[in-house]
Amino acid sequence: MKSWTIEARPQLYARLAGLTYLFVILFGGYSEGVVMSALIVPGDAAATARNILGAESVWRLSVGGNLLVPILAVLQLWIEYLLLKPVSRNLALLFVLFNGVSLAIETVSKLFLLMVAPVLSDPGYAAVFAPDQVYALADLMLTAHDIAFHIALLFFGIACILSGSLIFRSGYLPKFLGVLMGLAGVSYLTATFGALFAPAFGQAISPWILLPVLVGESALCLWLLIMGVNLPRWRARLETSERV
């Protein structure tokens, strides 16, 4: 079994992390960036409800993909911890803790998305509430998801800064990836603080503030998937960490 450990096969683990990261980006991008952007009409609960009911199967598929994101991200997080642990075990553990809290909150946020379609389509709600009230209830679920998701991104932004520091110091991954991930973390923090506490500012900087996120996460994903780690430097760093 030792031949399948990360110490023996770091490239396999790095590419598995990159592949998992790619699926996280694709599922999340499709659900949040494509379907939700197309169906949700800001400030118009009735139009949003009609859009979701008119494409209910697409909506449910999107929510299912959205729920897969934190599941896949747990696997990705485990591999990233193994890859970054030789740099600093304590800092890598802190990275895991912040990322883990982010994933826990993000998973809970999906509960609100899962409630939207049943609220809109269940005849029981229509029998008790007026149509506008049902639309408002579904809109409340979407708002709750949005708030919870932004809270999750606050923790994830800090995790990105920590992972960027570890990558920069590693020696077996390029320093520029560490810089890009650090910038991605700052962008996440700026965007989420704006969305939660200064909506006018958040709208003014959106979506351009998330450009470093797109560049940083995509670059790390593709580098791990295609290039992996620098093996001689990985082994040197691993030997150093084992002697400490």
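Taking CD of E106 as the start and NE2 of H145 as the end, the distance is 7.5 Å to the nearest 0.5 Å. Atom CG of L83 sits about 7.5 Å away from atom CD1 of I79, to the nearest 0.5 Å. To the nearest 0.5 angstrom, D146 atom CG is 7.5 Å from M36 atom CE. We find the CG-CG distance between L16 and L75 to be 5.5 Å, quoted to the nearest 0.5 Å. The CG atom of L177 lies 6.0 Å from the CD1 atom of I167; values are rounded to the nearest 0.5 Å. L189 CG to F156 CZ: the interatomic distance, rounded to the nearest 0.5 Å, is 11.0 Å.
Ring geometry, F155 versus F98: the interplanar angle falls from 30° to 60°, so the pair is classed tilted.
Salt bridge status for K110 with E32: present, with a side-chain N to carboxylate O gap under 4.0 Å. Looking at E56 and R60, a side-chain N of the basic residue comes within less than 4.0 Å of a carboxylate O on the acidic one, giving a salt bridge.
In this structure, W234 and I6 have side chains that are in contact, with non-hydrogen atoms separated by less than 4.5 Å. Between R169 and L91, the closest side-chain pair of non-hydrogen atoms falls below 4.5 Å. Here the side chains of L137 and Q133 are not in contact, with every heavy-atom distance at 4.5 Å or above. Counting only heavy atoms from C-beta outward, the side chains of F129 and Y135 never approach each other to under 4.5 Å.
Cluster partners of L183, using a side-chain heavy-atom cutoff of under 4.5 Å among ILVMFWY residues and allowing indirect links, are F168, V179.
Note on M227 and L231: same hydrophobic cluster, where clusters join Ile, Leu, Val, Met, Phe, Trp and Tyr whose side-chain heavy atoms are under 4.5 Å apart, directly or indirectly.
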Residues 194-222 side chain polar contacts: donor-acceptor under 3.5 Å, at least two apart:
unit_1	atom_1	unit_2	atom_2	d
E217	OE1	Y21	OH	2.5
E217	OE2	Y188	OH	2.6
S218	OG	L214	O	2.7

